[in-house]
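Model, not experiment: these values are computed from the prediction. Below, chain A is the first sequence line, B the second, and so on; all start at residue 1. In what follows, every heavy atom counts, from backbone to side chain, and hydrogens, waters and symmetry copies are set aside.
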Protein chains: 2
Amino acid sequence: MMASTRRIGSPDAKNRTVLLDAAEQLMLEEGYAAVSSRNVARKAGLKYQLVYYYFRTMDDLFLAVFQRRAEEGLKRQATILAAENPLRALWAFDLEAASSGALTMEFVALANHRKVIREALVDYSRRFREAEIDIVRTVLRRYRIDPEVWPPEVVAFVMAGVSRTMALEGALGMTTAHEETLSFVREHLARLGDPPAETVVDE
Amino acid sequence: MMASTRRIGSPDAKNRTVLLDAAEQLMLEEGYAAVSSRNVARKAGLKYQLVYYYFRTMDDLFLAVFQRRAEEGLKRQATILAAENPLRALWAFDLEAASSGALTMEFVALANHRKVIREALVDYSRRFREAEIDIVRTVLRRYRIDPEVWPPEVVAFVMAGVSRTMALEGALGMTTAHEETLSFVREHLARLGDPPAETVVDE
DNA sequence: GTCTATACTTCGATAGAC
DNA sequence: GTCTATCGAAGTATAGAC
């Protein structure tokens, strides 16, 4: 497949960002199916042909929206270990990240039938999960918790699953058992308290 | 808004079921956006106008697909308490139900911008969760586990969140930390063993 | 970088004959 | 219950002038 010879707009152009913002907002408000070149452009106050000028195809537009968010997420995740109470920070981050995950859900649905999106999503999810496991591993070590009893992979997975499900349901207005689960986590995090003064810095 | 006077096909008609099946399969394979009257009919080997004859609108078609699955799910869920080891049965059921949850994800995405779908989804989710909590409550009682320590709401929510997330990710080909989490659950369920002979039948 | 013009496809929905 | 015929709206994408 030969690369198209069509012209393409600069990645730094202001209107490119305006289109990205419009696409993301539209996706959040009305779902991915509403993200057409015409709708995006209307929301951005631009002509719809500009979408093709800056992104060439709709797939590329979706991909660009995704990548922007993904990069930001990984970057923020990387700062967590520096927090005073990293376990609580991680939980808070998961909850928050998951709720911008109404957007993630749209990408999941998109991924079901757009190959390029699926690949990007899986790649990102893997990296995100791996990093999360590393964080949990480090934190559990600080708390002197036996990793044989509480494998970091399991803890990280459960945290991700619980927070994501909560955000997903919450966005729809379904909150049964949410309050109880939130209290439970809050209470148990409190019981753990702050980690004992840094004892393991061997890496 | 006056009800349309258009004719509508019988709920028992064979072709109605054929269309429902086609719609469901299409949704699973290519996402909800691929579910157009023309695509559905093509898959069913029928003319696309029949979709409108049997369902009047695409919303009604989506709703019918959803309701059919929902009813079946609730019915199967209701049989769980009768299992030999209900906790394990519940976990197995959750895992399995969640993996037809690639479909659920499509409905979630749909729900984002179709009001009638959202209402149906939320209603169903609530009933499903309530029933699941009841099951967990009964089972924990049999195991003589203190509900103050392990609130049934929390246990039910975490089970749902973990199983659903696993199915969702698995469907996309993302499996990081899945094996570890599955073993963990399996092992801990085994450690609990079979519930002590029925001691609480007071309801 | 933005515009007009254009080509082609697919969509949801309806009317009315058979 | 199924068909043909038809509507208008909206979609992706491209070519080429300004």
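Residues A:Leu19 and A:Ala41 come closest through the heavy atom pair CD2-CA, 4.3 Å. Residues B:Ile117 and B:Phe107 come closest through the heavy atom pair CG2-O, 3.9 Å.
For the pair B:Lys14 NZ and D:dG1 C1', the computed distance is 13 Å after rounding to whole Å. Across the protein-nucleic acid pair, B:Lys47 atom NZ and D:dT2 atom C1' stand 10 Å apart, rounded to whole Å. Nucleotide D:dG1 holds its C1' atom 12 Å from the CG atom of B:Leu19, rounded to whole Å.
Taking the ring centre of B:Tyr54 as origin, the terminal cationic atom of B:Arg16 falls outside the region bounded by 6.0 Å and 45° from the ring axis.
Remark: B:Asn15 is not in phosphate contact with D:dG1, judged by side-chain N or O atoms under 4.0 Å from OP1 or OP2. For A:Tyr53, no side-chain nitrogen or oxygen approaches OP1 or OP2 of C:dC3 to under 4.0 Å.
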query = Which letters describe nucleotides 7-18 of chain C, given B = protein heavy atom under 4.0 Å from base, S = only from sugar-phosphate, - = neither?
reply = ----BBBB--B-

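The residue A:Phe55 sits apart from the nucleic acid: no heavy atom pair falls under 4.0 Å.
The closest side-chain heavy-atom distance from B:Arg142 to B:Pro86 is below 4.5 Å.
With 3.5 Å as the limit, one finds no donor-acceptor pair spanning the side chains of A:Gln67 and A:Glu71.
At distances below 3.5 Å, at least one donor-acceptor pair connects side-chain atoms of A:Asn39 with backbone N or O atoms of A:Ala34.
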